[in-house]
Amino acid sequence: MQFILSKTRRALEFGIAFVQARLCFWLCSRAVHSSQQVLLRSHQRFGVLKEEAMSEPNGDKVVSVHDLDVAEEVSIAGAESPLKDLDAPEETKEKRKKAPREKKKEIVHGGGAAGAKKKEVKKESGLGLTFKKEENFGDWYSDLVVRGEMIEYYDVSGCYILRPWSYAIWESIKDFFDKEIKKMGIENTYFPLFVSEKALTKEKNHVEGFAPEVAWVTKSGDSQLEEPIAIRPTSETVMYPIFAKWIRGHRDLPLRINQWCNVVRWEFKHPTPFIRSREFLWQEGHTAFATKEEADKEVHAILELYRRVYEELLAVPVIKGVKSEIEKFAGGLYTTTVEAFIPTTGRGVQAATSHCLGQNFAKMFEIMFEDDKGERKMVWQNSWGLTTRSIGVMVMVHGDDKGLVLPPRVAPIQVVVIPVPFKGIDPSDECLKVVHQLQQADIRVKEDLRDNYSPGWKYSHWELKGVPLRIEIGPRDIEKKQVRVVRRDLEDKAEGRSQDIPVADLVERIGKILDEMQKHLLEKAREERSSCIATAYNWDDFMAALNNKKMVLAPWCDEVEVEENVKAWTKSEGDGGAAKTLCMPFEHDTLPVVQEFLPEGTKCFASGKPAKRWALWGRSY
């Protein structure tokens with residue numbers, strides 16, 4: 001009997017264990033099924049999961065989710081997904097179609113099995129510009145500076161965010177110019193952004209010239225300031241009270257300083273990125289000398305540096321000249337300028353200016369020195385400035401319907417290297433070797449190894465951004481020990497646009513091509529600019545040329561009243577707005593017709609009075 005009870009007890013224990021095991025198996029199955037449902041709903045809501053998980057610096061896994069409809073990426077940290085419909089009714093869950101589970105696809109790097117499958121690429125969005133340069137210039141330009149990643153719009157009208165692509169161009173300009181002025185003995189400094197009302201209004205003509213553009217700070221929190229404070233539109237009135245403290249005797253001269261900063265001019269008419277904005281970056285130089293001869297010499301030396309910035313860096317041709325009495329710097333003695341021109345719109349652009357201020361500001365701010373004979377004298381002063389407007393001019397002159405066209409000397413990236421996979425073979429390793437080779441030669445180069453974009457998409461992307469050279473490397477190029485090089489400055493079917501270059505000769509050939517591109521861009525722009533300069537000796541010819549989008553070189557009597565009349569007449573007779581003097585050129589080599597003296601008996605094209613000089617007229621930004 002005891003034996004029977006013992007055997008029965010063991011049977012019952014075995015049965016209970018069996019039931020417990022079945023129950024555990026059932027519960028685990030339900031948990032796995034529930035997890036699969038959560039993952040499935042994540043797939044359905046956000047798209048197909050990317051195959052590689054990315055890791056944060058702290059080691060946490062981050063799954064990158066690709067939305068196939070909008071081609072944007074969303075990151076979800078951790079295991080939980082912030083989905084709102086996790087608690088949806090069971091019947092709704094069952095109706096959802098399961099997303100097919102895809103097998104991982106591989107690409108063989110550096111050469112491998114020809115039968116390997118290619119990795120799925122991201123759905124490609126349109127990269128092309130919406131507008132044509134010749135058909136709708138304004139919209140083309142606005143579209144280009146955004147799509148080309150130059151600027152981003154801001155919620156304050158007339159203010160723009162300079163993205164890294166455009167700021168790198170400004171840094172190239174800054175590096176060149178800063179190095180050159182330091183060779184001249186000019187030192188960098190920084191003065192405050194704010195200027196008192198008393199200082200700003202001390203020079204009457206100066207403040208009247210800037211009054212409509214001055215922004216004022218009138219409150220601190222909820223409290224009104226006792227005196228409003230202006231935000232600098234320029235720094236003459238900020239610096240010159242301090243100059244009066246620093247300069248005592250002739251040994252304190254010359255005083256030559258420069259600052260890189262921002263200024264605010266509250267423009268209300270047609271703000272345009274880079275060309276006309278309420279805040280912009282610039283350099284402003286301010287100097288003081290014992291004699292006018294020293295000041296005059298510096299004015300022209302700085303103007304030549306500005307010419308070099310435009311022509312040697314930006315590949316934009318400019319005309320050097322002097323401004324008319326109406327157009328000169330408010331409060332200054334005379335203003336010299338480099339003038340650029342946009343052939344598509346027929347408008348000139350004041351590219352940079354170098355002013356001789358004379359002794360006017362010295363008188364207002366009592367900037368005096370004692371010469372070597374013990375006599376008290378006023379200093380002679382200059383100021384000069386170059387702004388981020390230069391970037392906009394470059395974009396307008398060189399850009400095309402594909403996007404930016406950047407001169408190699410200022411391009412943030414001079415060469416982009418793109419692999420062209422074929423039959424599962426990915427030449428990425430060879431691309432990295434080429435990148436390293438070019439980097440060793442101080443060429444600014446970048447590889448684009450992104451495997452979620454096709455080579456064609458990458459070509460369009462980097463053309464839009466204006467990168468001067470594209471290197472393509474495919475399996476056949478590796479076999480032949482060569483690369484395909486494509487130039488951005490030439491049309492698609494133009495001779496020399498693309499060429500195959502042996503890897504052994506790559507560094508030398510790339511350097512030569514970049515130099516050729518820099519030269520070609522300037523020559524092309526100069527040829528277009530020269531075709532837009534007309535000469536007129538009477539009013540009818542002047543208006544015909546002006547309405548044909550030309551700059552007009554005409555003999556002028558150099559009278560303020562006549563220039564005002566020309567502005568009024570051109571505004572009423574033409575459909576492109578008023579014209580004004582851009583400058584009185586003094587570049588004989590650029591404009592051969594310009595002579596130091598006009599032939600005797602030459603009449604002013606507008607007034608019929610005896611002409612005193614040649615003037616370059618045009619509509620302008």
Notebook entry, point to check: Hey, is Lys567 close enough to Glu327 for a salt bridge, meaning N to O under 4.0 Å?
Noted result: yes
Checklist line | Point-to-point distance, once rounded to the nearest 0.5 Å, from CD1 of Ile275 to OG of Ser390 | finding: 9.0 Å
Check: What class does the angle between the rings of Trp462 and Trp165 fall in, given that below 30° is parallel, 30 to 60° is tilted and above 60° is perpendicular?
Finding: tilted
Margin query: Is the ring pair Phe605/Trp539 parallel, tilted or perpendicular, if the boundaries are 30 and 60 degrees?
Written below: parallel
Item checked: Shortest non-hydrogen separation from Ala351 to Tyr310 and the atoms involved -> O-OH, 2.9 Å
Notebook entry, point to check: Side chains of Glu298 and Trp384: is there a donor and an acceptor less than 3.5 Å apart?
Noted result: yes
Check: Under a 4.0 Å N-O cut-off, is there an ion pair linking Glu508 with Lys512?
Finding: yes
Margin query: So if I apply the salt bridge (Lys or Arg N to Asp or Glu O under 4.0 Å) rule between Glu180 and each of Arg308, Lys174, Arg307, which one comes out positive?
Written below: Arg308
Margin query: Tell me the closest heavy-atom pair linking Leu546 and Arg619, and the distance in Å.
Written below: O-NH1, 3.3 Å
Checklist line | Heavy-atom closest pair, residues Arg484 and Ser498 | finding: CD-CB, 3.8 Å
Note to self: Taking the basic N atoms (NZ, or NE/NH1/NH2) and the acidic carboxylate oxygens, is any pair closer than 4.0 Å for Lys133 and Asp400?
What the structure shows: no
Item checked: Trp380 versus Ala295, closest heavy-atom pair with distance -> CB-CB, 4.2 Å
Next item on the list: Go through the steps to decide whether His355 and Thr335 satisfy the test side-chain hydrogen bond (donor to acceptor under 3.5 Å, both in side chains), and finish with yes or no.
Entry: CA-CA 4 Å; His355 316 287; Thr335 291; 2.8 Å; yes
Next item on the list: Measure the CG-CG distance between Leu490 and Leu521 for me, rounded to the nearest 0.5 Å.
Entry: 9.0 Å
Item checked: Residues Arg497, Glu463: salt bridge by 4.0 Å N-O rule -> yes
Notebook entry, point to check: Where does the angle between the aromatic ring planes of Phe137 and Trp140 fall among parallel (under 30°), tilted (30 to 60°) and perpendicular (over 60°)?
Noted result: tilted
Check: Is a salt bridge present between Glu304 and Lys320, judged by a nitrogen-to-oxygen distance below 4.0 Å?
Finding: yes
Next item on the list: Considering only NZ, NE, NH1 and NH2 on the basic side and carboxylate oxygens on the acidic side, decide whether Lys323 and Glu339 come within less than 4.0 Å.
Entry: yes
Next item on the list: Would you sort out whether Thr272 and Tyr141 count as a side-chain hydrogen bond (donor to acceptor under 3.5 Å, both in side chains), showing the intermediate values?
Entry: CA-CA 9 Å; Thr272 304; Tyr141 178 76; over 6 Å; no
Check: Out of Thr189, Asn188, Thr287, which residue meets the side chain to side chain donor-acceptor pair (under 3.5 Å) rule with Asn258?
Finding: Asn188
Next item on the list: Begin with the C-alpha distance, continue with both residues' side-chain angles, and end with the deciding distance and a verdict on side-chain contact (heavy atoms from CB on, under 4.5 Å) for Val146 and Asp143.
Entry: CA-CA 6 Å; Val146 174; Asp143 194 27; 5.6 Å; no
Item checked: Side-chain donor-acceptor contact under 3.5 Å, Glu559 with Ser607 -> no
Check: Are any of the side-chain nitrogens in Asp515 or Lys519 under 4.0 Å away from the carboxylate oxygens of its partner?
Finding: no
